[in-house]
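Each remark here refers to the structure printed beneath this line.
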Amino acid sequence: MKQRFLYRFVKSAKEEGVIHLDSPRVYASLLDVEDAAEALAALVAIPNEVRKEVYNLSIGDQFSLADYAEAVRIVGTELGYKIVIDIRDNGNESRNDE
């Protein structure tokens, strides 16, 4: 995606009152930038000969885009926005760990 999907969901919800969702079964996990920075700093401290070839820095939990859209809808509703989730399922389904 050219823009982060949560930003797009919030922007669309605020401006249009609709979250457009084409792939509700695409799963993703979000990692806090400070956590990622700390993990990378810790990796730099490990000598090259001890370092593994690959590290997974994800949080482990994955949520569907539909889950994220619903969370944005709930928060938006609490803030006084009327938000509809428009799902046009294109059949895509994927997870980060596949």
Side-chain angles (χ1 to χ4, degrees):
M1 287 187 187
K2 292 182 180 179
Q3 295 176 332
R4 294 183 182 178
F5 65 88
L6 278 180
Y7 170 79
R8 290 177 60 192
F9 288 173
V10 170
K11 183 177 180 186
S12 179
K14 285 179 67 178
E15 292 177 359
E16 303 173 36
V18 178
I19 298 172
H20 302 282
L21 190 55
D22 293 330
S23 302
R25 291 179 316 279
V26 170
Y27 289 79
S29 59
L30 300 177
L31 178 64
D32 181 80
V33 69
E34 289 180 8
D35 291 342
E38 286 180 18
L40 292 172
L43 283 174
V44 170
I46 298 172
N48 284 340
E49 58 275 358
V50 177
R51 203 175 298 157
K52 294 180 190 175
E53 190 170 318
V54 175
Y55 287 88
N56 182 353
L57 299 180
S58 76
I59 61 170
D61 294 330
Q62 294 187 10
F63 301 94
S64 71
L65 294 185
D67 294 332
Y68 288 112
E70 180 62 15
V72 170
R73 188 196 66 74
I74 289 169
V75 171
T77 300
E78 290 173 0
L79 294 173
Y81 292 92
K82 182 177 179 187
I83 301 168
V84 174
I85 300 173
D86 175 32
I87 297 178
R88 298 178 187 167
D89 194 342
N90 62 14
N92 286 346
E93 184 171 350
S94 68
R95 293 180 178 271
N96 286 349
D97 57 0
E98 292 181 344

| message | Using the rule given for side chain to side chain contact (heavy atoms under 4.5 Å, CB included), can you reason through Asp22 versus Asp89, listing the C-alpha separation, both sets of side-chain angles and the distance that settles it, and then say yes or no? | response | CA-CA 5 Å; Asp22 293 330; Asp89 194 342; over 6 Å; no
Rounded distance [0.5 Å steps], OG in Ser23 versus CG in Leu65
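Those atoms lie 7.0 Å apart.
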Handout entry: By side chain to side chain contact (heavy atoms under 4.5 Å, CB included) - contacts of Ile85 (at least two apart)
Key =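 For Ile85 the side chain to side chain contact (heavy atoms under 4.5 Å, CB included) partners, ignoring immediate neighbours, are Ile19, Leu21, Ala69, Glu70, Arg73, Ile87.
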* State which residues pass side chain to side chain contact (heavy atoms under 4.5 Å, CB included) with Val50; sequence neighbours excluded, sorted by chain then number. =>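 Result, side chain to side chain contact (heavy atoms under 4.5 Å, CB included) vs Val50: Ile46, Pro47.
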Indicate if [X] and [Y] have the same hydrophobic cluster label, given that clusters are the connected sets of ILVMFWY residues with side-chain heavy-atom separations under 4.5 angstrom.
X     : Y     : value
Ile83 : Val18 : no
Leu79 : Ile74 : no
Tyr81 : Val84 : no

ask   = Aromatic ring centroids of Tyr68 and Phe5 under 6.0 Å?
value =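 That pair passes the under 6.0 Å test.
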Exercise for the section: Return the set of residues passing salt bridge (charged side-chain N to carboxylate O under 4.0 Å, His left out) with Asp67 (not counting sequence neighbours), or none when no residue passes. Expected result: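 For Asp67 there are no salt bridge (charged side-chain N to carboxylate O under 4.0 Å, His left out) partners, ignoring immediate neighbours.
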Of all residues at least two apart in sequence or in a different chain, which pass the salt bridge (charged side-chain N to carboxylate O under 4.0 Å, His left out) check with Asp86?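 Once residues adjacent in sequence are excluded, the partners of Asp86 under the salt bridge (charged side-chain N to carboxylate O under 4.0 Å, His left out) criterion are Arg88.
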query = What are the two closest non-hydrogen atoms of His20 and Phe9, and how far apart are they?
reply =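 Between these two residues, the closest heavy atoms are O-CE2, 4.2 Å.
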Minimum heavy-atom distance between Pro24 and Ser64, given as atom pair plus value
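Reported closest heavy-atom pair: O-CB, 3.1 Å.
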Can you run down the salt bridge (Lys or Arg N to Asp or Glu O under 4.0 Å) pairs that involve residues 36-53, sequence neighbours left out, and say none if there aren't any?
->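 Sorted result for residues 36-53: empty, none.
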